[in-house]
Amino acid sequence: MKKELPKIYEPQEVEGRVYEAWEKNGCFKGVRDPDKRPFTIVMPPPNVTGQLHMGHAMDCTLQDILIRFKRMQGYAALWVPGADHAGIATQAKVEESLRENEGLSRYDLGREKFLERVWDWKNKYGARIVEQQKKMGVSCDWDRARFTMDEGLSKAVRHVFVSLYDKGLIYKGSRIINWCPHCVTALSDVEVEYQDKPGSLWHIRYPIQGEADKYVVVATTRPETMLGDTGVAVNPADGRYAGIIGKTCILPLVGREIPIVADEYVDLGFGTGCVKMTPAHDPNDFEVGLRHSLETIRVLDDHGRVAQGYGKYSGMDRYEARKAIVADLEEGGWLVKVEPHQHNVGTCSRCHHDVEPLISAQWFVKMQPLAKEALRVVREGETKFVPERFSKTYANWMENVRDWCISRQLWWGHRIPAWTCEDCGKITVSETDPSNCRHCGSARIKQEDDVLDTWFSSALWPFSTLGWPENTEDLQYFYPTDVLVTGYDIIFFWVARMIFSACEHTGRPPFHTVFIHGLIRDDKGRKMSKSLGNGIDPLEMAEQFGADALRFNLVTGNSPGNDMRFYTERCEAMRNFANKIWNASRFVLMNLTIDSCALPEQLELEDKWILSKLNSLIPEVTDNMERYELGVAAQKVYDFIWDSYCDWYIEMTKARLQGDAPAAKERAQQVLCYVLSETLKLLHPFMPFITEEIWQALPRRPEEDREAFLMLQRWPQQNGRLSFPQEERAMELVMEAISAVRARRAEMNVPPSKKARLTVATLETEVFAAGIPFLKRLAHASEVTIEGVSAAADSEQAAQEGMVEVITHAARLFLPLAELVDLDKERERVQKQLKKDRAELEKLDTKLNNPGFVNKAPAHVVQAERERAEKLRALLEQLEQSAAALG
RNA sequence: GGAGGCAUAGCUCAGCCGGUAGAGCGCUCGCCUCACACGCGAGAGGUCACAGAUUCGAGUUCUGUUGUCUCCACCA
């Protein structure tokens with residue numbers, strides 16, 4: 001911290017410098033330590049393609065808060081960073097840039113050359129992501145950064161593949177899969193997003209073979225697939241069609257003879273009750289086709305074009321073919337009618353083109369056996385979701401999970417470690433490149449061209465990053481990890497797959513807690529997206545308001561698992577909070593003459609009040625943190641700093657700091673420093689930069705390491721000797737009086753510069769005597785007289801003397817400002833308050849007269865209510881006198 | 001069709017062992033009070049969606065209703 005402190009906190013100047021200092025001093029190192037318990041966080045590795053977006057910023061912030069908290073609590077905290085190779089996304093980006101800049105496709109370059117380009121890209125953008133994360137303040141161990149295509153992680157991938165294959169849990173087969181004709185690859189089920197789109201339902205007439213003028217009418221949303229029809233199905237219970245089951249019909253335009261079969265799958269109530277069967281292009285038709293041995297004829301190629309052999313339709317794009325076929329059907333008189341029809345169309349989650357279901361030979365992971373254990377560990381609480389409701393989402397998916405299609409027709413990724421023998425046709429699967437076929441010994445073997453789904457390697461992240469399959473010391477010490485933080489949108493993609501992978505390969509769930517957060521939306525509640533152009537760049541926010549402010553914004557004002565709207569105004573508010581802390585600290589430092597902030601022996605009332613407040617804050621915040629209620633914890637620290645420390649305590653110390661007693665002055669400094677320093681520790685996980693910067697400038701406590709960083713200090717502990725409940729209450733009586741006087745003055749529009757004598761009638765003479773300096777300074781009293789009288793005794797007299805009377809629970813205060821009083825307004829005010837307090841007292845009395853309440857409610861609650869009623873009764877009595885005096 | 005979230009101040013949202021309804025922004029009034037106008041002080045503003053149930057006591061627990069959003073499933 002510089003000697004001359006600016007009045008406005010400038011985060012840009014501080015944040016980079018502070019981070020550099022931490023990094024240079026190895027503050028982030030996750031070190032194995034036999035004396036410590038490990039705490040490990042699994043970071044969702046961002047895609048190498050990218051730019052850090054708000055979702056990452058949220059991930060980073062929550063994780064960093066947790067890891068800093070645990071580190072300060074004395075755990076051996078490890079946070080492994082890294083990046084994901086993001087198969088389709090990255091390949092698409094590189095292909096795009098290749099096309100735009102050089103007019104080349106990946107095929108022009110060839111596999112090897114193309115992959116070199118992708119690696120170049122990875123090196124460039126991977127580094128950028130790291131810089132962006134550092135700007136957010138994340139304290140992970142950068143030396144341990146991993147990439148999903150590193151040698152070590154690739155080895156883990158091959159090991160897992162071979163192991164699952166050997167156990168019969170990976171197989172290759174021809175199945176109906178989701179195919180993206182734009183990305184030209186197979187997709188897994190979770191990579192398909194369904195969108196409601198307007199479409200049509202075409203009713204088409206298929207003539208029955210050998211029966212002139214007899215037809216079945218089928219209804220379809222995708223007429224172009226009729227080229228691949230190999231049957232028509234009706235429900236066996238459908239009386240309308242009982243007579244035609246077993247007959248055949250002639251496929252229009254194609255002329256193929258196809259059977260009419262009966263299958264329960266057909267819904268009698270929908271369309272015409274007759275369904276055309278296209279087993280090669282529809283998952284349901286495929287199932288029906290299996291039951292009735294229907295042929296499968298694939299009519300669309302990998303790019304979504306009509307295959308060869310269909311005359312003029314061949315080579316047409318599927319939508320073009322649809323138009324042509326509909327036109328021809330109409331012309332031929334086959335088209336009965338067209339109805340508008342809303343239906344749910346599967347689209348590629350990457351490029352949003354319509355997905356084409358089709359039959360293709362792909363690799364799959366058999367899910368049933370894996371899901372069993374993955375369900376158990378969550379059901380039995382070995383892995384918990386926070387909030388808990390997401391375990392239902394998880395279980396529901398896992399219970400109905402289908403086999404996972406893991407092969408992708410891409411180049412960028414882990415190439416499938418399987419070789420097909422050109423002699424015997426059998427497959428050899430191996431971790432290392434085999435030179436011969438395992439079955440016949442032939443050297444004529446060829447590796448699969450396809451790569452694995454990106455999530456196949458991401459699923460291993462918690463253990464592959466720690467050295468698995470080697471039994472490394474890191475793995476032994478840090479694994480299983482503790483917490484995974486991520487958005488609910490990737491529970492299926494990643495969380496579920498990590499859990500079953502870890503259970504299968506390490507025998508243990510990968511973490512005990514999955515901390516789920518919601519999505520960040522724009523200020524209108526819309527998803528942030530490129531196409532809408534409504535994305536808010538976290539780095540821009542950090543630049544403008546500071547990463548601390550951005551972090552604080554992200555963590556407060558929302559509850560775990562719920563979506564959050566992003567308001568720039570809130571960033572600004574948090575920036576203001578940072579500035580508030582800055583100036584409070586500036587105030588403390590400006591008044592500083594001491595060089596250590598040990599607590600003094602002699603404590604004043606206000607010292608005990610703030611220390612006691614702090615002392616109860618500590619366990620509350622700690623508790624909230626441990627229960628992942630980070631927003632609540634942050635809010636409590638915020639309130640303490642702004643309300644208790646700044647608005648009250650600092651103001652109260654000014655009397656001493658600006659007085660002439662050197663010892664009292666020094667004691668005030670000690671307590672100011674002590675409380676600030678402890679508070680900075682509590683705030684540090686949320687606002688790491690500014691807290692570190694200020695803490696470096698503060699004097700140390702004797703037990704603190706002068707050279708150390710705040711981020712490595714011990715988390716504050718509650719201290720039994722710093723609890724002063726009586727003084728807390730006493731101080732608050734004075735504070736109540738101050739607020740009440742200020743309110744009265746404000747009502748009468750008395751400017752702060754106009755001081756007035758203040759007479760306090762109270763039984764708590766000692767308390768108010770101690771409060772004189774505060775009444776003077778904060779209630780604008782020129783002088784204060786304390787009268788140790790029963791407050792009720794002479795209110796009438798006071799009123800007659802033309803004093804303004806202020807009534808609180810513990811005192812009656814008189815101000816010689818009667819000339820400023822508007823009697824009508826005054827009467828109105830008193831009546832209003834009387835009404836409110838009477839109602840309140842009545843409520844309380846009813847409650848206290850209720851035997852049910854007195855007998856059944858906990859004693860302390862009853863006691864508290866009694867005290868409240870007593871105080872209220874006394875206050876009312878005085879208000880009534882006051883009202884009477886006003887007439 | 002199945003599952004879940006949400007409904008609290010003008011707006012956006014906290015409020016997680018049931019015990020006097022909160023914050024930020026906005027609004028009104030007064031203040032450049034020697035840390036801070038990115039500030040200080042004082043206010044206005046709420047039938048906690050609706051109906052029941054449990055309880056001495058419900059914004060908070062349970063059931064149902066309505067509205068709204070999301071996820072899963074996929075009747076061509």
Side-chain angles (χ1 to χ4, degrees), chain A residues 5 7-9 190 194 201-202 218-222 225 233 265-267 269-278 282-285 341 343-346 387 389-390 392-393 395-397 400 488-489 491-492 518-519 523 525 545 549 553 556-567 569-570 572-591 624 627-629 631-632 635 638-639 646-647 650-651 654 658 739 742-747 749-753 777-778 780 840 843-844 847 850-858 860-862 864-865 868:
Chain A
L5 301 171
K7 276 167 86 165
I8 298 290
Y9 173 60
V190 288
Y194 289 87
L201 194 60
W202 284 273
V218 299
T220 180
T221 54
R222 305 183 56 213
T225 62
Y265 156 75
V266 180
D267 179 352
F270 188 86
T272 61
C274 289
V275 192
K276 61 192 265 315
M277 289 291 123
T278 323
D282 182 284
N284 293 305
D285 294 5
H341 179 68
H343 69 149
N344 229 356
V345 184
R389 66 173 187 271
F390 289 105
K392 264 187 208 160
T393 311
N396 187 47
W397 185 79
N400 299 299
Y488 62 71
D489 52 332
I491 291 178
F492 305 142
L519 268 40
D523 59 351
F545 301 110
N553 182 12
T556 54
N558 67 351
S559 50
N562 287 352
D563 289 354
M564 174 188 198
R565 296 191 198 201
F566 192 94
Y567 283 92
E569 293 83 351
R570 264 181 60 85
E572 198 175 335
M574 297 312 147
R575 186 273 318 264
N576 293 351
F577 174 54
N579 190 57
K580 185 76 182 173
I581 302 164
W582 180 257
N583 276 289
S585 308
R586 207 160 65 91
F587 172 82
V588 171
L589 291 167
M590 278 165 55
N591 284 286
N624 286 131
R627 287 153 62 181
Y628 302 95
E629 296 158 6
V632 178
Q635 189 64 48
Y638 177 102
D639 290 342
C646 292
D647 288 348
I650 283 187
E651 293 306 324
K654 281 179 179 173
Q658 287 157 22
S739 291
R742 288 202 290 221
R744 291 291 282 122
R745 290 173 57 104
E747 277 165 30
N749 290 326
V750 185
S753 51
R777 179 173 286 273
L778 304 179
H780 313 289
E840 181 67 25
K843 235 173 82 183
L844 269 176
K847 204 174 192 181
N850 179 350
F853 174 72
V854 181
N855 295 331
K856 292 188 184 173
H860 73 274
V861 173
V862 178
E865 297 290 68
R868 251 184 76 213

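Keep in mind the model is a prediction, meaning the values are calculated, not measured.
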*For A:H780 and B:rC31, is the shortest distance between a side-chain N/O and OP1 or OP2 below 4.0 Å?*
no
*May I ask you to say what A:K276 touches in the nucleic acid, namely base, sugar-phosphate or nothing, with a heavy-atom cut-off under 4.0 Å?*
nothing
_Main chain of A:N553, side chain of A:R570: is a donor-acceptor contact present, judged purely on distance under 3.5 Å?_
yes
*What does A:K654 touch in the nucleic acid at a heavy-atom separation under 4.0 angstrom: a base, only the sugar-phosphate, or nothing?*
base
*Inter-nucleotide P distance (B:rU61, B:rU8), Å rounded*: 16 Å
_What's the gap between B:rU28 and B:rC71 when it is taken at their P atoms, as a whole Å value?_
41 Å
_Options B:rC38, B:rA35, B:rA76, nucleotide nearest the side-chain atoms of A:I8_ = B:rC38
*asked:* Applying a 4.0 Å non-hydrogen cut-off, can you work out what A:A584 is touching in the nucleic acid: base, sugar-phosphate, or nothing?
replied: base
*Could you tell me whether A:G631 contacts a base, only the sugar-phosphate backbone, or nothing, with contacts defined as non-hydrogen atoms closer than 4.0 Å?*
nothing
*Polar side-chain contact A:K7-B:rC36 base: donor and acceptor under 3.5 Å*: no
*Just checking, is any N or O donor in the side chain of A:Q635 or A:D639 under 3.5 Å from an acceptor N or O on the other one?*
yes
_Heavy atoms only, 4.0 Å cut-off, all strands: where does A:Y638 land among base, sugar-phosphate and nothing?_
sugar-phosphate
*Taking only N and O in the side chain of A:N576, is any of them less than 4.0 Å away from OP1 or OP2 of B:rG39?*
yes
*Within less than 4.0 Å of OP1 or OP2 of B:rA14, is there a side-chain N or O belonging to A:S559?*
yes
*Tell me whether the OP1 or OP2 atom of B:rG5 has a side-chain N or O from A:K392 closer than 4.0 Å.*
no
_Between B:rU47 and B:rU65 - P atom distance, rounded Å_ = 26 Å
*Under-4.0 Å side-chain N/O to phosphate OP1/OP2 contact, A:K843 with B:rG57*: no
*asked:* At 4.0 Å (heavy atoms only), tell me whether A:P387 reaches a base, stays on the sugar-phosphate, or touches nothing.
replied: nothing
_Donor-acceptor pair (no angle test) under 3.5 Å: A:E629 side chain, B:rA14 base_ = no
*For atom P, what is the distance between B:rC25 and B:rC34, given to the nearest Å?*
23 Å
_Between B:rA9 and B:rC27 - C1' atom distance, rounded Å_ = 12 Å
*For B:rC48 versus B:rA14, give the span between their C1' atoms, rounded off to a whole number of Å.*
13 Å
*Please tell me which of A:R389 and A:N400 maps to the more 5' nucleotide of RNA chain B, matching each residue to the nucleotide holding its nearest heavy atom.*
A:R389
*asked:* Students often get this wrong, so: under 4.0 angstrom with heavy atoms, is A:D267 touching a base, only sugar-phosphate, or nothing?
replied: base
*asked:* Measuring to OP1 and OP2 of B:rC69, would you say a side-chain N or O of A:N562 lies under 4.0 angstrom away?
replied: no
*Quick one: is B:rU33 close enough that its OP1 or OP2 comes under 4.0 Å of any side-chain N or O from A:R777?*
no
_A:N344 side chain, from C-beta outward: closest of B:rA76, B:rC74, B:rC29_ = B:rC74
*Tell whether A:R575 reaches the base of B:rC38 with its side chain through a donor-acceptor pair below 3.5 angstrom.*
yes
*What does A:D285 touch in the nucleic acid at a heavy-atom separation under 4.0 angstrom: a base, only the sugar-phosphate, or nothing?*
nothing
*Is B:rC17 syn or is it anti, if syn means the base angle is within 90 degrees of 0?*
syn
*Counter-base of B:rG41, judged by Watson-Crick or G-U geometry with both distances under 3.5 Å*: B:rC29
_side-chain contact (heavy atoms from CB on, under 4.5 Å) assessment of A:N562 paired with A:M564_ = CA-CA 6 Å; A:N562 287 352; A:M564 174 188 198; over 6 Å; no
_C1' gap between B:rG19 and B:rG59, integer Å_ = 13 Å
